[in-house]
There are 2 protein chains.
Amino acid sequence: MNAPATTTHLLPEIRLRAVPQAFIGALQARFGAQCSLAQAVREQHGRDEGSFQAPPPSAVVFAESTQDVADAVQLASQYAVPVIPYGAGSSLEGHLLAVQGGISIDLNRMNRVLSVNAEDLSVTVQPGITRKQLNDVIKDTGLFFPIDPGADASIGGMSATRASGTNAVRYGTMRENVLALEVVTASGEVIRTGTRAKKSSAGYDLTRLMVGSEGTLGIMTEITVRLHPLPEAVSAAICSFPSIEAAVRTTIETIQFGVPIARVELIDRHGVRLVNAHSKLDLREEPMLLMEFHGSPSGVQEQAATVQDIASENGGQSFEWASTPEERSRLWAARHSAYFAAVQSRPGCRIISTDTCVPISRLADCLLDSVQEAEASGIPYFLVGHVGDGNFHFGYLLDPNIPEERITAEALNHKLVARALRLGGTCSGEHGVGLHKIGFLPDETGAGAVDMMRAIKRVLDPRNILNPGKIFVL
Amino acid sequence: MNAPATTTHLLPEIRLRAVPQAFIGALQARFGAQCSLAQAVREQHGRDEGSFQAPPPSAVVFAESTQDVADAVQLASQYAVPVIPYGAGSSLEGHLLAVQGGISIDLNRMNRVLSVNAEDLSVTVQPGITRKQLNDVIKDTGLFFPIDPGADASIGGMSATRASGTNAVRYGTMRENVLALEVVTASGEVIRTGTRAKKSSAGYDLTRLMVGSEGTLGIMTEITVRLHPLPEAVSAAICSFPSIEAAVRTTIETIQFGVPIARVELIDRHGVRLVNAHSKLDLREEPMLLMEFHGSPSGVQEQAATVQDIASENGGQSFEWASTPEERSRLWAARHSAYFAAVQSRPGCRIISTDTCVPISRLADCLLDSVQEAEASGIPYFLVGHVGDGNFHFGYLLDPNIPEERITAEALNHKLVARALRLGGTCSGEHGVGLHKIGFLPDETGAGAVDMMRAIKRVLDPRNILNPGKIFVL
């Protein structure tokens, strides 16, 4: 691992490429009313939930089929114009920004469930469907799709960023849960990767090469994901702790003990305060673990008893149980709203969210020093974490009118990433590299691995039209 | 999916490339006694457990360090000579055959455990260590490495073929269990992929691109794999069934019910007979499921009770339990020896092993017709399967002096693969493509995906020196 670069990661590189009028004309001829040049539509598609800004794309194509995507990409390839796939718009890392110009391909109309294979625990969907929509469609099958980033993201966007969320500690991330893909390549060709078989040794793992490639290697047009049986029994609990350290120690010991806990989320006192205000709750404003156990009734009891013992040895208050589905939903909705609760708490603010992930044994080492630094900075912040995976997020609430805050927050993030890398971790547990972590990637993987990624990008997208300027700048 | 090609897959394409004397001289100068030109050594490294043959490599380098591997590859790159990494020699698909000439790099001396991170459930090893050696080293940590192909394969070879085995139904395959790699690239550069963090969204998933690439994209020199806590309670049972169909139905229902069974292996009556003879057992010579349950004592009981109910509804005989660790080991050793038991049962025979894997709901459809075809062929065969994953192997015992047997067996395999692909499955669940399935790969993935694999191969290995002629012929 190299020492972190000294780049400040403050602003993305904007390098607008030509978008010929002939290309726009060809798009309009092909797509008619499915192609919008309206300023408001373009601006909506040129931003995400992150803190960066760039000029909007030149046009937005509302794709309704794989053929639409293929045709749009073929035209873009012909004119060497960038194309940026757009799902729910909930990225945090600038993935949707047209930093090299180009067009946005909106996939929201491609939101159908193509086939439910309940008996094989899988489902094939179009990329525009969101995780909540998917779970709604399959709610009568006895199965569910567990991956849950905070936002109601699209399955396409989640696949493209290798997303995870609160259930990943038990059910894995998009890496483990995407079985097969249909992908439009940079030339507009349609290929398939993977099958519905649970495992395979047939050739290069193109599925997992595409998952997490952030739209830079292809545009996913069909996605087969694994489903999981709804657990027979579910039980959720919250437990407050005298310190973040006590909560983190409880988490580490729970994982090391091998408890198959389904969710174990840390929320610091700032986070609890935001969530209380936003979701009208009265949770104790102390560091808190929010947990869920899945299994048979007796299995859930066993797991909970083990974790209660561990928590109480670490000074945790007695568990408070959310026993009804309604109470559970309310708690988890509150957890998922933490980001938006924060946005609303400081009107006009932009949030920088950190995303480091470390081996579980190093979680305390990585977290505790970073908390001290955040407290000392004076910037409003909150801390939430999928701590069972070693992944956590500081959210810094920045006033755009105080540029020093961004500089301070970026410096804090820089220190945090350097610490995580020293401890054998990664700069991104689940949000992706996007624009914001381009400078961190070579620090993490070394230049050789980034060179290999670039080589793959160049050969699969020789005109550099697929979401260029994300992950690395060619 | 395309219709299966009409190629017969009968023999590999041998296309020997020049191995300049100057190259051999340079190797000898660099490696001295670590480089062998002896006929017996070369022949041993030019074959595997599969049914194909090719001329041996021109030399064998016994690598002792990453630097050794890098230097050997650099020399090979300079002279455009193929290099084939060699682990335990247990491949079934011709991976080790020098079909384009070149040299073998033996990695058996690189068999150290570099670091055990018990608290993070991971270990970093050199590629030459075998799965049994690894489990022996970590036996006092309370953890184990579950992936278990039949042979005592090397971790490097298992990673390269994306291997799995009997525990995959619960613990995943090498795809899910490799966290990070050190890899020597085609130019002899050393890169790292992944970190010790459990999850990451930092750039392209080079780790999983390398896993399953069969030595064609790089040579792994360090491998970090996940470990799993030894279950508190383990319980194994065998159950005989009146028909293969009854055993398969029991498996399907067990999986669909969501039982977290740790192992569920099908052995047909031929397989049981071979195993009985080889391992001096007296198992009932009927289709059999060999199962194992992991968990807490009560969890194991719950699982076993559920599966017993399902089995008995399908006509299964009452479970026979292997309650002591010794009994369990004996049973699983017998299962793992099935392949070698078969080899010994027909002296001089070569085995063609099929490797299809289908979605679990299609397992009966795929298997039962294929059993009828195998019975009708008159060729001695046996059937074993990791049926919980939808993966199974017919082993055809071929007399090399009766060429018609190979033709018949290949035709049966061809029919089986076509059936599996029609049912949404794969030609290879765990053995890899190697030489034997080159013709099947485009049938499975379509030409577009294979073209993408070829493009990646060309850019990462422009001189085509890394195990050329495997997966596809460039």
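By convention in this document, chain letters (A, B, ...) are assigned in the order of the sequence lines, proteins followed by strands, and residues within each chain are numbered from 1. Values reported hereafter were calculated over all heavy atoms of this structure, with side chains retained and with hydrogens, waters and symmetry mates removed.
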Counting C-beta onward and ignoring hydrogens, is there a side-chain heavy-atom pair between Met210(A) and Met452(B) closer than 4.5 Å? yes
Between Asp355(B), Thr216(B), Asp451(B), Asn117(B), which residue shows the highest count of heavy-atom pairs closer than 4.5 Å to chain A? Thr216(B)
Hey, which of Ser213(B), Ser200(B), Gly390(B) has the most heavy atom pairs under 4.5 Å with chain A? Ser200(B)
Looking at OG1 of Thr426(A) and CZ of Arg196(B), how far apart are the two atoms once the value is rounded to the nearest 0.5 Å? 13.0 Å
Side-chain heavy atoms of Glu119(A) within contact of Ile360(B), under 4.5 Å: no
Tightest non-hydrogen contact, residues Pro229(B) and Gly258(A), listed as CG-CA, 3.9 Å
Val169(A) versus chain B, the contacting section by heavy-atom distance below 4.5 Å: both
Any side-chain heavy atom of Thr195(B) within less than 4.5 Å of one from Glu444(A)? yes
Note: vs chain A, highest number of non-hydrogen pairs under 4.5 angstrom among Gly448(B), Ser296(B), Ser361(B) is Ser361(B)
Specify which of Gln256(B), Glu189(B), His228(B), Met174(B) makes the most heavy-atom pairs with chain A at under 4.5 Å. Gln256(B)
Using non-hydrogen atoms only, which part of Val190(B) is less than 4.5 Å away from chain A: side chain, backbone, both, or neither? neither
CD-CZ distance between Glu232(A) and Phe257(B), expressed to the nearest 0.5 angstrom: 7.0 Å
Taking every heavy atom of Ala202(A) against every heavy atom of Arg162(B), the minimum-distance pair comes out as N-NH1, 3.9 Å
Could you tell me the separation between the CG atom of Asp120(B) and the CG atom of Leu363(A), rounded to the nearest 0.5 Å? 10.0 Å
Of all the heavy-atom pairs spanning Leu460(A) and Ala455(B), show the shortest one and how long it is. CD2-CB, 4.2 Å
Under a 4.0 Å threshold between the charged nitrogen and the carboxylate oxygen, would Asp389(A) count as salt-bridged to Lys199(B)? yes
Okay, Cys427(B) and chain A: the region with an atom under 4.5 Å from a heavy atom over there is side chain
Side chain, backbone, both or neither: which part of Thr185(B) has an atom under 4.5 Å from a heavy atom of chain A? side chain
Please report the interatomic distance CE(Met453(A)) to CG(Leu206(B)), rounded to the nearest 0.5 Å. 4.5 Å
Honestly, the part of Ser122(A) sitting under 4.5 Å from a heavy atom of chain B is neither
So do Leu209(A) and Ile456(B) actually touch side chain to side chain, heavy atoms under 4.5 Å? yes
Greatest number of heavy atom pairs closer than 4.5 Å to chain B - which of Thr356(A), Leu179(A), Leu217(A): Leu217(A)
As a quick check of understanding, evaluate side-chain contact (heavy atoms from CB on, under 4.5 Å) for Asp205(A) and Arg175(B), giving each step before the final call. CA-CA 9 Å; Asp205(A) 193 345; Arg175(B) 179 175 76 190; 3.7 Å; yes
Glu214(B) versus chain A, heavy atoms under 4.5 Å apart: side chain, backbone, both or neither? side chain
Atom pair NZ/OG of Lys437(A) and Ser201(B) - distance to nearest 0.5 Å: 7.5 Å
Among Gly434(A), Ser298(A), Ala420(A), who wins on heavy-atom pairs under 4.5 Å with chain B? Ser298(A)
The interface call for Arg208(A) against chain B, heavy-atom contacts under 4.5 Å, is both
Can you tell me which portion of Val433(B) sits under 4.5 Å from chain A's heavy atoms? Options are side chain, backbone, both or neither. both
Would you check if Pro359(A) and Lys198(B) make a side-chain contact, meaning some heavy-atom pair closer than 4.5 Å? no
Under a 4.5 Å heavy-atom cut-off, does chain B meet the side chain of Glu430(A), its backbone, both or neither? both
Could you walk me through whether Thr445(A) and Arg192(B) pass side-chain contact (heavy atoms from CB on, under 4.5 Å), step by step? CA-CA 6 Å; Thr445(A) 65; Arg192(B) 286 191 172 274; over 6 Å; no
State, to 0.1 Å, how close Ala197(B) and Cys357(A) come at their nearest heavy-atom pair, and which atoms those are. CB-O, 3.5 Å
Name the member of Thr193(A), Leu121(A), Asn391(A), Val450(A) that forms the most heavy-atom pairs with chain B at distances under 4.5 Å. Asn391(A)
Examine whether an atom of His386(A) lies under 4.5 Å from a heavy atom of chain B, and if so say whether it belongs to the side chain, the backbone or both; otherwise answer neither. side chain
